[in-house]
Amino acid sequence: MAESPANEGLTRVAFPNAKVNLGLQVRNRRKDGYHNIEGLFLPVPWQDTLELEVLEAGNTHEINSLGLAIPGAPEDNLIIKAAFLLQKEVDLPPMRFHLIKSIPMGAGLGGGSANGAFALKLINEHFNLGLDHVELEAYAARLGSDCPFFIQNVCAHVSGRGERVRPMPLQIEGWWIALLNPGIHIRTADAFNGITPNDDRPGLGDWKGTGPTDWTGALQNDFTKPVAEQHPAIQEALDRLTQHGATFADMSGSGSTVFGFFQDAPPPELMSNCPAHWRTWQGQFT
Ligand code: C5P
């Protein structure tokens, strides 16, 4: 059985973060029912907290959560799925995961995917499994389409179903980002069904070294128009970002979170007079 000699009796903590998509193209539908996409993915430090605790033999993997309520059965949680996935390959002891959930779910921020990917990384580190990022990305792809990105967790051009991750540095140092989540839960599969794929246009592979001023009017998310048309609060949140001076604003993933880039700290009114049930976050890239 894999042991953790350097960490006997200790737990290990990670901080799974959100992502936003700067441009997202649905290019074509695949035979397996998924879609080939192209997107620029950017990690954003809106974080959950995830702790791994090793249990005595005879127990089974489990999850305790605090913070935002997580829908669904524990065995459907990507953290538990990550533990069982690696367990098939290596003899691992049972584990208990403690999750403090802060990243809104069904929100286009990849929060559940980050949890799964970070669980793989935590287990790999804690038990010195020696898996490199290529191997971890392959496991992550089996958990969910957005999971591989969170293994390297750097700005990247992502393609295929989400499993092809190519790091792509962007010029965002010093920029502020504000996120507004209008509390609408979007099902990714439904959002994909509302899109007509288009493979006849330039991809997003050439945006290395660019920043928010380059993206305005050039990068687009295919989901924004159809999803915002269905949910007026999303359009309202986008308008709020531009009215308060965002240089570049869009929806992330299949929604419902929208984000804006600001050269200086966003004005306090951007968030202070949002509807009370909206969740908001802001930070500066260093
Ligand atoms: O991979 P994941 O479980 O996150 O995908 C959720 C759903 O979103 C899939 O069942 C599929 O309907 C859709 N999807 C897709 N193409 C992708 C990613 C997701 O059609 N590249």
Side-chain angles (χ1 to χ4, degrees), residues 16-44 48 63 70-85 99 101 103-121 136-153 156-166 168 181 184-201 203-205 219-227 230-231 234 250-257:
N17 54 269
K19 58 88 179 155
V20 293
N21 299 103
L22 313 163
L24 187 53
Q25 301 179 339
V26 181
R27 300 203 54 108
N28 54 44
R29 192 176 156 87
R30 302 152 45 123
K31 289 202 179 81
D32 60 10
Y34 284 86
H35 294 80
N36 285 315
I37 56 130
E38 275 200 50
L40 300 183
F41 282 50
L42 172 72
V44 175
D48 294 336
I63 184 162
I70 303 173
E75 60 271 23
D76 295 329
N77 191 290
L78 292 185
I79 295 168
I80 297 296
K81 286 190 173 178
F84 279 111
L85 185 61
L99 175 66
K101 192 72 198 155
I103 306 170
M105 287 149 283
L109 296 173
S113 306
N115 291 166
F118 274 74
L120 291 174
K121 292 195 277 188
L136 285 168
E137 282 172 6
Y139 282 116
R142 290 163 63 183
L143 292 178
S145 306
D146 277 351
C147 293
F149 161 75
F150 289 104
I151 297 296
Q152 296 184 70
N153 201 29
H157 174 253
V158 176
S159 59
R161 179 168 73 89
E163 78 286 1
R164 257 181 265 144
V165 179
R166 188 161 57 92
M168 181 174 286
N181 176 267
I184 299 161
H185 191 287
I186 309 277
R187 274 194 69 241
T188 310
D190 295 342
F192 270 99
N193 288 336
I195 297 259
T196 307
N198 177 1
D199 206 13
D200 188 21
R201 51 181 159 166
L204 297 172
L219 284 184
Q220 267 146 20
N221 177 351
D222 286 352
F223 291 103
T224 305
K225 194 166 177 286
V227 176
Q230 248 189 317
H231 302 283
I234 295 175
D250 205 342
M251 190 179 77
S252 185
S254 52
S256 63
T257 307

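Predicted, not measured: the structure shown is a model, and the values here were computed from it. First listed ligand is number 1; within each ligand, the first listed atom is number 1.
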(message) Counting non-hydrogen protein atoms only, what is the nearest one to atom 13 (C) of ligand 1? Give residue, atom name and distance.
(response) F192 CD1, 3.5 Å

(message) Minimum heavy-atom separation for L78 and G112, please, with both atom names.
(response) CD1-O, 3.5 Å

(message) So, regarding T188 and ligand 1 (criterion: nitrogen or oxygen to nitrogen or oxygen, under 3.5 Å), is there a contact or not?
(response) no

(request) Would you kindly say whether K19 and N21 are connected by a side-chain donor-acceptor distance under 3.5 Å? (result) yes

(message) So, taking the atom named CD1 in I37 and the one named CG in D222, what distance separates them when rounded to the nearest 0.5 Å?
(response) 10.5 Å

(request) Would you check the N or O atoms of D146, main chain and side chain alike, for any that come under 3.5 Å of an N or O of ligand 1? (result) no

(request) Write out the residue and atom name of the closest protein heavy atom to atom 20 (O) of ligand 1, then the distance separating them to 0.1 Å. (result) H35 ND1, 2.7 Å

(request) For ligand 1, indicate whether the residue Y34 contacts it via side chain, backbone, both or neither (heavy-atom separation under 4.0 Å). (result) both

(message) Starting from atom 4 (O) of ligand 1, what is the nearest protein heavy atom, named by residue and atom, and what distance separates them?
(response) S145 N, 3.8 Å

(message) Does the structure place the NZ or CZ of K121 under 6.0 Å from the centre of the six-membered ring of F118, at an angle of no more than 45° from the ring's axis?
(response) yes

(request) Check the angle between the aromatic planes of F149 and F41 and answer parallel, tilted or perpendicular using the 30° and 60° thresholds. (result) tilted

(request) Would you mind reporting whether I80 and F84 have side-chain heavy atoms less than 4.5 Å apart? (result) yes

(message) Among all protein heavy atoms in this structure, tell me which lies nearest to atom 12 (O) of ligand 1, with the distance rounded to 0.1 Å.
(response) A189 CB, 3.5 Å

